[in-house]
Structure formats: structure tokens, C-alpha cells
Amino acid sequence: FIMRLAAAVVGTCAGQDLFLAASPGRGLLGDALDFWLDFRDERNGLYCDTLTFEGPACGAENSRYSSAATGMGLVIDALLTELGAWSRAEGQRRAAQTLSSVLTSWPRETHRGFLTHFTNESFALTAEYSTVDTAELVLGALFAGNYFGGDVKVSAETLSSRPDWASTLDDTSAPTIFAVVDPATGALSASLHPFNEYYTVAYLANLTDATGASGRFFERYFGSKGQPVGGGGYPKIREFHGLALPTDHEGFVSSFIPQFCWYLTKSFQENPYYQQVFSAWMRADQKFWEVALNSSSTVWGHPVQGRLWGCGAGDSPAGYHVEQVNSSQDMVASGAIMAGFLPAANGTEHAAILAQLQWLYDNNVCTYRRRTRRGDAKVVWRCSVAQQGWRATAADSIDFATAVLGLGSASLGPGWFGAYAA
């Protein structure tokens with residue numbers, strides 16, 4: 001078949017299956033998709049948290065599943081279906097398999113209906129009951145339901161209806177979203193304040209109670225039609241070189257946060273305020289690296305000034321680490337963040353980001369290879385300007401997902417995501 005991928009992203013794959021090892025010119029998106037599919041356990045449709053570059057794909061030898069990554073997997077399976085990687089019937093089958101596994105087997109606490117962050121092939125309780133990871137799974141399910149319809153939509157809506165979203169919000173003293181549920185008592189703990197990825201939790205509460213307390217909370221502290229008025233000191237606004245960004249503390253939150261909100265929720269995409277914030281965030285991230293790097297800055301022997309940026313999360317010289325604008329202890333850049341901001345870019349910026357990613361890919365800078373279940377894949381991931389000898393040993397699915405989503409938007413257009421996001 002002929003893949004409908006932008007020539008600037010992957011070149012031409014006419015007449016060749018995207019996942020054939022011998023296919024020339026698969027390029028950025030083709031390789032990223034191929035790599036991504038190794039996160040999926042084909043036995044049950046669930047998605048693993050981590051892939052090492054040398055280790056097994058998700059399955060019997062690697063079965064630490066991530067609820068948030070499974071949500072992203074549902075979105076990406078819809079994207080792959082739209083790109084023509086398989087038939088619509090096959091896409092529906094895959095989504096139905098994933099949702100059936102979640103609905104029937106994933107550990108869920110009985111007080112408020114939230115899922116564990118992680119589980120395994122035995123569906124053991126291996127992590128906390130997490131509100132935000134449940135939200136990211138549910139939003140991915142609703143995306144797939146809107147795309148495929150039918151039984152997939154019914155299953156997605158069933159999954160969405162089970163958590164008590166409203167109970168996660170508290171406006172008694174300061175605007176609070178709770179992160180963790182105690183399975184023994186149902187008590188909520190680990191309170192956070194706007195703005196961060198818990199936008200997704202408040203958004204789902206708003207969808208179920210738009211005219212009630214949850215809707216008022218969402219409109220005041222997050223907003224659907226403009227900048228929220230806020231209260232109690234939240235959300236905080238911080239500026240970086242004149243670019244104003246919402247945050248929950250004195251610094252900045254990581255760049256993956258607005259990306260998750262954009263890809264998973266229609267409201268974030270449609271609100272003019274967040275449209276402006278999304279672009280400003282991209283430019284602030286780029287500015288941080290522009291200021292930090294100079295003509296002598298290199299990665300793996302190659303000059304990277306003007307070619308490398310992205311404050312995300314994932315493997316680093318210090319282990320799993322989260323970078324933010326103006327805070328990266330080992331100056332670890334993320335190709336997944338670069339790609340994830342493609343929908344935020346204007347025409348000139350969009351072309352420049354694709355050119356930067358293509359340069360990294362072509363010159364083997366910040367790239368990693370993996371022998372996948374379908375062939376060899378090379379992906380742009382994470383590298384350190386400060387620690388030249390460091391190489392990532394693994395990629396985590398939730399943070400790599402924005403590479404696939406961003407490159408997919410370059411092919412399908414950002415409007416495709418808005419058509420199906422909840």
C-alpha cells in the first residue's frame with residue numbers, strides 16, 4: 001500500500017509495507033511507529049512501561065504494563081489505522097482487545113474506581129492507584145471510541161464511567177487534585193495544584209459534571225474558553241524570556257505536560273488561551289536550549305547548536321529524570337518533545353523542527369537502534385550535552401509516545417486529533 005506520510009517526514013514508501021525490514025526510506029515516522037509497536041503485548045493488547053534497546057519486546061519476558069501508556073497506545077492504534085497500516089476492522093479488533101483486558105483484568109480499587117499505575121501479566125497490584133494514569137488511559141480509550149465507534153465506543157464509555165472523577169477535586173482551601181487512592185479506605189492523598197498534567201483528571205470530572213462543582217472547579221482553575229481566573233495563588237504564571245507559562249510552583253513544569261493535554265483533550269486544543277500557551281511553551285523550550293548551547297556544544301562528536309532541544313522525561317545519566325525549561329542538570333534533550341510540539345508550530349517553525357529531527361536521524365545523533373519484531377528501527381530519543389559518554393539504555397512508553405503522535409500530526413494534520421479527542 002502507499003503510506004500517507006508526509007515526504008518531509010519519511011520519504012516515499014509506495015508499494016511497500018511500513019514494517020518490512022527491507023523497506024527503504026521508512027524514516028522518522030516509520031521507524032518510530034515500528035519501535036512503538038514493540039511496547040504492545042500482542043497476547044492482551046496492553047502496553048509495557050519500558051523497552052531496552054537490546055532486550056525483549058513487551059510479552060512474556062517483559063510484562064510491566066503501564067495504564068497511561070495503554071491510553072496512548074489506543075490513540076496510536078487509531079492513528080495507525082488512519083495511516084493505512086492495517087484495515088479498519090483490524091484496528092477495531094486491536095482496540096477492543098485492549099479495552100477488554102483493561103475492563104476485565106486491570107487492578108481497580110473498589111471505593112472510587114481508579115486503576116493502578118502499573119501491573120503485570122498476572123494482573124498483580126504492583127503500584128499505587130493513580131488518578132492521573134487512570135485519566136490518561138480513559139482519555140485514550142475515549143479517543144479510540146470516537147474514532148472506531150461501535151463496541152469500542154461502548155467499552156470506552158464503560159471504562160470512563162467507573163471512576164468517581166469528582167471526588168478527586170477539592171476547593172476547600174486551595175485548588176487541589178488528589179493523585180493517589182488508598183485501596184483499603186478510599187482515602188485520597190498526594191495533593192497537587194494547577195497547572196500540571198492533572199488537567200486531565202479535572203477535565204474528566206468536568207465532562208461528567210459540567211454544571212456542578214467539578215465544572216466550576218475546571219473553569220476557574222483550568223478554563224475551557226480562555227485564561228482561567230484562578231484562585232488561592234493557582235495556577236501560577238512564570239515567564240521565560242517574555243513567554244508566560246502556567247505552572248504549579250516557582251519554576252516550570254516539564255514540556256511533556258502541555259503535550260499530553262493537547263493530544264488527549266479537545267478542550268485544550270480549542271481554548272484560544274491554551275493554543276497560545278502551547279506555542280509559547282515550544283518557543284520557551286527552544287529558547288532555553290538556544291541560550292544554553294553555543295558553537296562548541298556537541299553530542300557524540302557533532303555540533304548541535306540550533307539542532308537539539310526538548311525538555312521531557314525519561315532515561316538520563318541520573319536514572320529516570322524530568323527536565324523543565326530552565327532546569328536540566330545534565331542537559332538531556334528529547335527528540336520526543338521536539339516532535340511532540342509540531343502541532344504548536346507555525347509553517348516556518350514546523351519545517352525547521354522537521355529539518356532538525358531529520359538531521360539528528362541522518363547523522364545518528366541522539367538516535368538508538370532496536371531490532372524490533374518487524375525489522376530494524378532507528379529512533380531519535382534522549383542524549384546529554386553535558387555527559388558526552390552517556391547513552392540511554394531504554395525508552396519508556398509514555399514519554400516516547402509524543403514522538404509518534406507529533407510525527408503523526410505532520411502527516412495527518414493537527415485537526416485529525418481534534419476530531420476524535422474527548
Side-chain angles (χ1 to χ4, degrees), residues 195-197 235-262 273-318 320-361 363 365-367 380-392 399 402-403 406:
F195 172 84
N196 47 47
E197 67 268 41
K236 298 181 182 297
I237 303 295
R238 296 288 177 261
E239 288 196 2
F240 187 77
H241 289 261
L243 297 161
L245 308 179
T247 182
D248 59 2
H249 63 289
E250 299 307 312
F252 300 94
V253 295
S254 184
S255 294
F256 72 79
I257 289 172
Q259 293 184 7
F260 286 8
C261 295
W262 192 92
Y273 170 65
Y274 288 119
Q275 291 172 3
Q276 178 272 323
V277 163
F278 197 34
S279 295
W281 216 304
M282 174 195 71
R283 292 166 190 148
D285 195 313
Q286 292 172 326
K287 186 66 175 179
F288 168 60
W289 290 88
E290 176 188 329
V291 171
L293 303 186
N294 56 45
S295 59
S296 63
S297 299
T298 62
V299 168
W300 306 348
H302 294 267
V304 293
Q305 184 183 29
R307 291 166 166 161
L308 186 66
W309 50 284
C311 296
D315 201 6
S316 82
Y320 186 88
H321 194 263
V322 178
E323 273 67 46
Q324 302 99 25
V325 169
N326 214 30
S327 178
S328 179
Q329 66 183 32
D330 288 308
M331 294 304 295
V332 177
S334 168
I337 293 296
M338 294 170 66
F341 272 127
L342 282 165
N346 63 32
T348 301
E349 292 167 331
H350 194 273
I353 294 169
L354 286 175
Q356 289 169 333
L357 288 166
Q358 193 67 54
W359 183 88
L360 295 168
Y361 181 89
N363 289 279
V365 177
C366 215
T367 59
V380 181
W381 177 225
R382 289 168 63 82
C383 52
S384 171
V385 177
Q387 302 288 338
Q388 288 287 310
W390 176 76
R391 301 289 191 277
D399 295 307
T402 57

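The structure presented is a predicted model; accordingly, all values stated were derived computationally and were not measured.
The line from CD of Glu197 to CD of Gln259 is 12.5 Å long, rounded to the nearest 0.5 Å. With rounding to the nearest 0.5 angstrom, the CG atom of Leu245 is 11.5 Å from the CD1 atom of Ile257. In this structure, Asn363 CG and Gln358 CD are separated by 10.0 Å, a value rounded to the nearest 0.5 Å. Between Phe288 atom CZ and Cys311 atom SG the span is 5.0 Å, to the nearest 0.5 Å. Taken from OG in Ser254 to CD1 in Ile337, the straight-line distance is 5.5 Å, to the nearest 0.5 Å. Here the straight-line distance linking atom CG of Leu360 with atom OG1 of Thr367 works out to 8.0 Å at 0.5 Å rounding.
Among all heavy-atom pairs drawn from Phe278 and Gly340, the shortest one is CZ-O, 4.0 Å. The minimum heavy-atom distance linking Val380 with Leu357 is given by the pair CG2-O, 4.2 Å. Smallest separation of non-hydrogen atoms from Ile237 and Pro246: CD1-CA, 3.8 Å. When every heavy atom of Ala280 is checked against every heavy atom of Ala244, the shortest pair comes out as CB-O, 4.5 Å. Closest approach of Trp300 and Gln388 over heavy atoms only: N-OE1, 3.1 Å.
The salt bridge (Lys or Arg N to Asp or Glu O under 4.0 Å) search around Glu290 returns Lys287, not counting sequence neighbours. Not counting sequence neighbours, the partners of Phe256 by the ring-ring contact (aromatic ring centres under 6.0 Å, His included) test are Phe260. Taking the ring-ring contact (aromatic ring centres under 6.0 Å, His included) definition, one finds that Trp359 meets it with nothing, sequence neighbours left out. By the side chain to side chain contact (heavy atoms under 4.5 Å, CB included) test, Ala355 is found to be paired with no residue, residues two or more places apart in sequence or in another chain being considered. For Ala292, the side chain to side chain contact (heavy atoms under 4.5 Å, CB included) criterion is met by Met331, not counting sequence neighbours. For Cys383, the disulfide (SG to SG under 2.5 Å) partners are Cys366, not counting sequence neighbours. For Glu323, the salt bridge (Lys or Arg N to Asp or Glu O under 4.0 Å) criterion is met by Arg382, not counting sequence neighbours. Taking Gln329 as the reference, Ala318, His321 meet the side chain to side chain contact (heavy atoms under 4.5 Å, CB included) condition, with sequence neighbours excluded. Thr247 is linked by a side chain to side chain donor-acceptor pair (under 3.5 Å) to His249, counting only residues two or more places apart in sequence or in another chain. Scored by the side chain to side chain contact (heavy atoms under 4.5 Å, CB included) test, Ser279 finds Arg283, Ala344 as partners (sequence neighbours excluded). Shown here are the side chain to side chain donor-acceptor pair (under 3.5 Å) partners of Ser296, two or more places apart in sequence or in another chain: Asn294.
Checked by atom type and distance alone, the side chain of Gln324 never pairs as donor or acceptor with a backbone atom of Ser255 at under 3.5 Å. Judged by distance alone, the side chain of Thr298 and the main-chain N or O of Val304 form no donor-acceptor pair under 3.5 Å. A donor-acceptor contact shorter than 3.5 Å is absent between the side chain of Gln387 and the backbone of Ser384. Between the Asp330 side chain and the Val332 main chain, no donor and acceptor come within less than 3.5 Å of each other.
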### side chain to side chain contact (heavy atoms under 4.5 Å, CB included) assessment of Phe341 paired with Trp281
CA-CA 9 Å; Phe341 272 127; Trp281 216 304; 4.0 Å; yes
### Residue pair Trp390, Asp315: steps toward the side chain to side chain contact (heavy atoms under 4.5 Å, CB included) verdict
CA-CA 10 Å; Trp390 176 76; Asp315 201 6; 3.9 Å; yes
### Query
Going through the checks in order, is the side chain to side chain contact (heavy atoms under 4.5 Å, CB included) test met by Phe195 and Cys261?
CA-CA 11 Å; Phe195 172 84; Cys261 295; 4.3 Å; yes
### Message
Checking Leu308 against Val365 for the side chain to side chain contact (heavy atoms under 4.5 Å, CB included) test, could you report, in this order, the C-alpha distance in whole Å, the side-chain angles of both residues, the deciding distance, and whether it holds?
### Response
CA-CA 9 Å; Leu308 186 66; Val365 177; 5.5 Å; no
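Counting only residues at least two apart or in different chains, side chain to side chain donor-acceptor pair (under 3.5 Å) contacts with residues 303-312 comprise Trp309-Gln356.
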